[in-house]
Amino acid sequence: MITDKIFEGLNDRQREAVNCLEGPLLVMAGAGSGKTRVLTCRIANLLANGVKPWNILAITFTNKAANEMKSRAASMIGEPARNVWLSTFHSFCARILRADVESTGLRRSSFAIYDTSDSRALIKNIIKDFNLDEKRFIPAVVQSKISAAKNMLVGAQRFADSINFDSDRSLFDQKVAEIYLEYDRRMVENNAMDFDDLLLIAVRMLEKNEDVLDKYQRRFQYILIDEYQDTNVAQYRLTQLLAAAHHNLCVVGDADQSIYRFRGADIHNILSFERDYPEAKVVLLEENYRSTKMILDAANAVISNNDNRKPKKLWTRNALGDRLTFFEALNERAEAQQIVHEIKSLREQNFAYKDIALLYRTNAQSRALEEAFLNAGMPYVIVGGLKFYERREIKDIIAYLRLINNLQDSISLTRIINVPRRGIGQTTIAKLDQFAANSELPLFDIISDVEMLIRAHIPAKAKQSLYQFAVFIHDCVERQNEFSIPEFVLHVLEASGYMTELRDNVTTENEARLENLGEFVNVAKEFARDNPSGALEDFLNHIALISDLDNLKEEEDRVSLMTVHSAKGLEFPVVFVTGLEEGLFPHASSMMDSDALEEERRAAYVAITRAQKKLYLTCATTRSTFGKEQMNARSRFIDEIPLELIASARRTRPTPPPSMMPRRFQSFYEAPAQPKKSFQMPVKNKFMPDVGVEWSTGDRARHGKWGEGTVLKVQGAGANAQLTIVFDDASIGKKNLIVQYAPIKKI
DNA sequence: GAACTCAGCTTTTTT
DNA sequence: AGCTGAGTTC
């Protein structure tokens, strides 16, 4: 019997939630209480009761969680489970927008999705064009204001209006409003949407068009939302619109794990669910299956210091477990060293590397940890941080693909117009921008038209390269159907000269870039395999919305390093919560604001509850921040944990200087002396020019970037001599170089 | 145009 | 400390 399988091993509360299929349902699920399991089983149960998979919509926080849930449901109920709409809010919105936004007249369906840095680049352009001072109008600040407004469903016009009516508002906000209006205008012009637009415009679409709303309301008879405590106004409104017709809405979350206030998440969405849906059934899941009693007690103790919360106590039948381990190291290097040391002993206790996670509050902390791992030769993976899709070479190839897919995308065009170098400099780009602004044409239209290039007063050389570039892009547009997506990616990389540039300039950095591009081709292959009929546009859409976390592969035995935020929803047998210092965790920016401080404490709660068996809490007495040594007090969160739960050296602050310490403790506090420079970040190989070598016509030279060539002309002598070199690679051609400055060698 | 130097800023967390 | 952007030089 299928239903037996669904209910097998569930506790009474969980059964209740899985069994309640109709009407609004709120599942308050404490950390580790089997929340994912309930969601999965509930989906399976809906299917078992004859609900069609395409009538179910389930929203999760990451694509990874979505896929996992899909597989689990499929193993319970069979393949039809794969037809459930299971995705993140953002992918869901992208999908319905592709399908229907064009019919509402709001946007075209072929829009590009800009990530944070693309949209910041656009804001920066606008600030420049408005002749505003970049010191006062910091692009990132303006961006976050606009983002906050969008997350609250405040469009540009309403944002501007709300300021005009308020005479006290500063000039700053008025300017932000102007930038916001212009930003929207250019996003339309570029045929692009940012992450916030996906939500905002999807809501507008459903509000504006009854037919479309009706269609999706009919389609999604049953809606499930995970991590409901982290929804923002736009997501809340979207949920409300979709569920309005039937109220078959199940939301799952834990107010104590709400840690995304900074991006507009509103904890009240979950707290007032019962007010929004008075007929709602509420199920509390308080039995924890994940952690030992020790860990859970520590978590409960910390979170109980938050005043603004509904009291709740997680409990477990699990074993008492080991006491937590706390240590304070001398500095962040010693902290990392000590962690490495602990991991070695964990290995002797039969823990695998992949059983272990290191959590930190800020990405910057990963550096010291990474160094220690490299030195120790210990396998690790950094989840998040400088993400794969944020690497320069990956953004470059994506920009090429986006431009080919959407010739109006001027942001992508400017990114790669001179990558690899084509002799198109700032002056030329400024002229083009000017001309584009005056003629209201997309940049690409201008560079593909020689007439216009002349009118824009582009010098002959630049004109030539621009035109060649335009021809190349046009050619790619026309020929894209000759290739599969991975082949096309390779074609673009080769034919643009991008690969040549990387291959000719052999540095560790470039080798890493080539490797990353290879990985990108693999992503394309995977996509092509999973979506045989997928177009370039679908591929772009796919990669715009997958996060690093989605790629966390479990098969490799490596220690995971990530921020507390990235760790949400994950669990590990052993967890190290690092950098537990006042000013860092809780972060300095939260100290003035009790709401922010409570959010920090929830982050600490999330961190602690990731651990199943063993929990380590660590901090450093001094830490160098911005290149300066800083003394930090131990985090208050440590002092909120009852003493009896903690083993080992605590309350040792201030740490005595090494000379005052009994010798047997020294190694505990201080990293062993290590050769300086034993770790080096990949640096560009500097090609030192051969100063002191005399050159003459006909000599052969090797250039760091452009390969080999022949000297055509020599002007002057010694270090200051100017050489004219014809490079063998015809696409590079003739270059004038100063001996003393150019990366060249005589061969 | 390319490559260098210097000043100033960075670090909160992310789809 | 390490990165970006502005300014400078040839």
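Chain naming here is simple, since letters A, B, ... match the order of the sequence lines and numbering starts at 1 in each.
Using a distance-only test at 3.5 Å, with no hydrogens or angles considered, a donor-acceptor pair links the side chain of A/Ser366 to the main chain of A/Asn363. Listed for the A/Gln337 side chain is no donor-acceptor partner under 3.5 Å among the backbone atoms of A/Ala372.
To the nearest angstrom, P of C/dA1 lies 10 Å from CD of A/Glu629. One can place NZ of A/Lys628 at 13 Å from P of B/dG8, the figure rounded to the nearest angstrom. Residue A/Ile146 contributes atom CD1, which lies 21 Å from atom P of B/dT15 at whole-angstrom precision. As a whole-Å value, the separation of A/Asp226 CG from B/dT15 P is 15 Å. With rounding to whole Å, A/Tyr114 atom OH is found 21 Å from B/dT15 atom P. The distance between atom CG of A/Asn331 and atom P of C/dA1, rounded to the nearest whole Å, is 14 Å. Atom CZ of A/Arg120 is separated from atom C1' of B/dT14 by 12 Å (rounded to the nearest Å). Whole-Å rounding puts the A/Ile259 CD1 to B/dT14 P distance at 9 Å.
Taking every side-chain heavy atom of A/Arg367 into account, C/dG2 is the closest of B/dG1, B/dT14, C/dG2. Of the candidates B/dT12, B/dT14, B/dT15, the closest approach to any side-chain atom of A/Thr116 belongs to B/dT15. Set against B/dT11, B/dT15, B/dT13, the side chain of A/Ala364 has B/dT11 as its closest nucleotide. Distances were taken from every side-chain heavy atom of A/Asn363 (C-beta onward) to each of B/dT14, B/dA3, B/dT12; the shortest belongs to B/dT14. The side chain of A/His90 lies closest to B/dT15, out of B/dT15, B/dT12, B/dG1. With distances taken from any side-chain atom of A/Ser566 to the nucleotides B/dT15, B/dT12, B/dT14, the minimum falls on B/dT14.
The nearest heavy atom of DNA chain B to A/Asn418 and to A/Ile138 marks one nucleotide each, and the one closer to the 5' end goes with A/Asn418. Along DNA chain B, the nucleotide closest to A/Thr427 and the one closest to A/Thr625 are compared, and the more 5′ of them pairs with A/Thr427.
Listed by chain and residue number, A/Arg415 satisfy the salt bridge (Lys or Arg N to Asp or Glu O under 4.0 Å) test with A/Asp396 (two or more places apart in sequence, or in another chain). A/Asp230 is linked by a salt bridge (Lys or Arg N to Asp or Glu O under 4.0 Å) to A/Lys568, counting only residues two or more places apart in sequence or in another chain.
For B/dT13, neither phosphate oxygen OP1 nor OP2 lies less than 4.0 angstrom from any side-chain nitrogen or oxygen of A/Arg261. A/Lys568 has no side-chain polar atom (N or O) that falls below the 4.0 Å cut-off from OP1 or OP2 of B/dT14.
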* Might you work through the salt bridge (Lys or Arg N to Asp or Glu O under 4.0 Å) test for A/Arg601 and A/Glu598, ending with a clear yes or no? => CA-CA 5 Å; A/Arg601 190 174 281 111; A/Glu598 295 211 340; 5.0 Å; no
> Can you check side chain to side chain contact (heavy atoms under 4.5 Å, CB included) on A/Ile126 and A/Phe137, steps first, answer last?
Replying inline: CA-CA 11 Å; A/Ile126 296 170; A/Phe137 294 89; over 6 Å; no
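Counting non-hydrogen atoms under 4.0 angstrom, A/Ser589 reaches a base of the nucleic acid. No contact: A/Phe89 has no heavy atom under 4.0 Å from any strand. Residue A/His587 is in sugar-phosphate contact alone, with no base atom involved, counting any heavy-atom pair closer than 4.0 Å across all strands shown. Among the heavy atoms of the strands, none lies under 4.0 Å from A/Lys461.
Once the 5.5 Å centre distance and the 30° plane angle are applied, the aromatic ring of A/Phe262 is found stacked with the base of B/dT13.
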